[in-house]
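Here is the structure we will look at.
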Amino acid sequence: MRGAVTLAAALSLPEHLPGDAYYPRGLFVILAFGVIVATLVLQGATLPTVARWLRVPPDDQKEDALAEATVQHEASRAGKDRLEEVAADAPEGVVERLRLVAQSRSNLAWERLGRAGRETPSAAYARLRREMLNAEREVFRKARDTGRIPEETLRQAQRDMDLEETLLEREDL
């Protein structure tokens, strides 16, 4: 995308100026293309060398994970505080579920700081929930096959389960 706007601007120049005045449109397009290639290739090829020469330290993954966990904890706390402000007339079950979601997000960020090679509680949850979803899918398929539910009901249930499974995969990242 870095050179797309430059090239689009160069290509959008008119072929001819009013009054048949000559200007080097082709030269502008070639120069724009050359600048794009030079900046992308030169910067891309030399950046690792420059970083080594400057001795830029690599990112500390533990430090980044700690910073993320700290900010996520603050964000979850802010979310819970807002929930308490606006949830006066909401059903208690809904409010409690939202509290658990906020806590889960905060915990997930802290789990990344844990020991490597060990299954985290969130990973165990995702693994077990996937197994549950597979069993639920099978029940819906059998119900459709025996005529207890129509095809449309099966598709809707599968869609909901697929969405939940997609969220589980997203949390694994």
Side-chain angles (χ1 to χ4, degrees), residues 1-83 97-134 137 155-156 158-173:
M1 289 300 295
R2 288 171 50 186
V5 174
T6 303
L7 190 57
L11 291 173
S12 69
L13 293 172
E15 292 286 332
H16 304 286
L17 291 177
D20 289 330
Y22 173 75
Y23 78 104
R25 179 186 185 272
L27 177 64
F28 291 147
V29 172
I30 290 171
L31 286 173
F33 183 75
V35 167
I36 293 166
V37 169
T39 57
L40 290 176
V41 172
L42 288 176
Q43 288 178 358
T46 60
L47 186 60
T49 305
V50 170
R52 280 191 298 276
W53 180 67
L54 292 174
R55 293 190 179 114
V56 175
D59 290 339
D60 182 4
Q61 291 182 348
K62 277 282 200 205
E63 188 176 308
D64 291 348
L66 180 60
E68 177 192 0
T70 302
V71 173
Q72 181 61 58
H73 180 74
E74 292 170 9
S76 294
R77 181 172 303 282
K80 283 192 229 178
D81 290 347
R82 178 60 56 87
L83 177 65
R97 185 170 180 191
L98 289 170
R99 284 184 193 122
L100 290 173
V101 166
Q103 186 65 42
S104 176
R105 282 184 173 250
S106 183
N107 290 345
L108 183 63
W110 287 109
E111 286 175 3
R112 291 190 189 117
L113 293 168
R115 288 183 270 174
R118 189 172 181 196
E119 186 177 47
T120 64
S122 295
Y125 172 86
R127 177 177 52 82
L128 295 172
R129 185 60 187 137
R130 280 188 196 95
E131 291 296 326
M132 292 172 65
L133 287 169
N134 288 336
R137 280 187 182 98
R155 276 198 302 269
Q156 182 63 38
Q158 286 177 331
R159 180 185 156 285
D160 293 343
M161 288 183 274
D162 289 345
L163 287 172
E164 184 176 351
E165 191 167 29
T166 300
L167 288 174
L168 291 173
E169 291 170 8
R170 167 85 172 95
E171 291 175 358
D172 286 346
L173 297 177

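Computed from a prediction, not measured in an experiment: that's the story for all the values here.
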Considering non-hydrogen atoms only, spot the tightest contact between Thr39 and Ile36 and give its length.
-> OG1-O, 3.0 Å
Value for CD (Glu74) from OG1 (Thr70), rounded to nearest 0.5 Å, stands at 7.0 Å
Within a reach of under 6.0 Å around CZ of Arg82, are more than 12 heavy atoms found that belong to other residues, nucleotides or ligands?
-> no
When Phe33 is tested against each of Val37, Val35, Leu31 for side-chain contact (heavy atoms from CB on, under 4.5 Å), which residue passes?
-> Val37
Return yes when atom CZ of Arg155 has more than 12 non-hydrogen atoms of other residues, nucleotides or ligands closer than 6.0 Å, and no otherwise.
-> yes
Does the Arg130 side chain pair with the main chain of Tyr125, one donor and one acceptor, at a distance under 3.5 Å?
-> no
Got a sec: does the CZ of Arg97 have more than 12 other heavy atoms crowding it under 6.0 Å?
-> no
Minimum heavy-atom distance between Thr6 and Ala32, given as atom pair plus value | CG2-CB, 3.9 Å
After noting the C-alpha distance and the side-chain angles of Leu168 and Leu133, does the key distance pass the side chain to side chain contact (heavy atoms under 4.5 Å, CB included) rule?
-> CA-CA 11 Å; Leu168 291 173; Leu133 287 169; 4.1 Å; yes
Gap separating the CD atom of Glu164 from the CD atom of Glu169, nearest 0.5 angstrom | 11.5 Å
Locate the shortest heavy-atom distance separating Lys80 from Arg99; write the atom from each residue and the value.
-> CE-O, 4.4 Å
Backbone N or O of Leu100 within a donor-acceptor pair of the Ser104 side chain at under 3.5 Å?
-> no
What heavy-atom pair brings Ser106 and Gln72 nearest, and what distance separates the two atoms?
-> CA-CG, 3.9 Å
Under 3.5 Å, is there a donor-acceptor pair between the side chain of Ser76 and the main chain of His73?
-> no
Correct closest heavy-atom pair for Leu11 and Arg25 would be O-NH2, 2.7 Å
Close side-chain approach of Arg137 and Glu165, heavy atoms under 4.5 Å = yes
Contact summary for Pro48 and Ala45, nearest pair of heavy atoms = CD-O, 3.8 Å
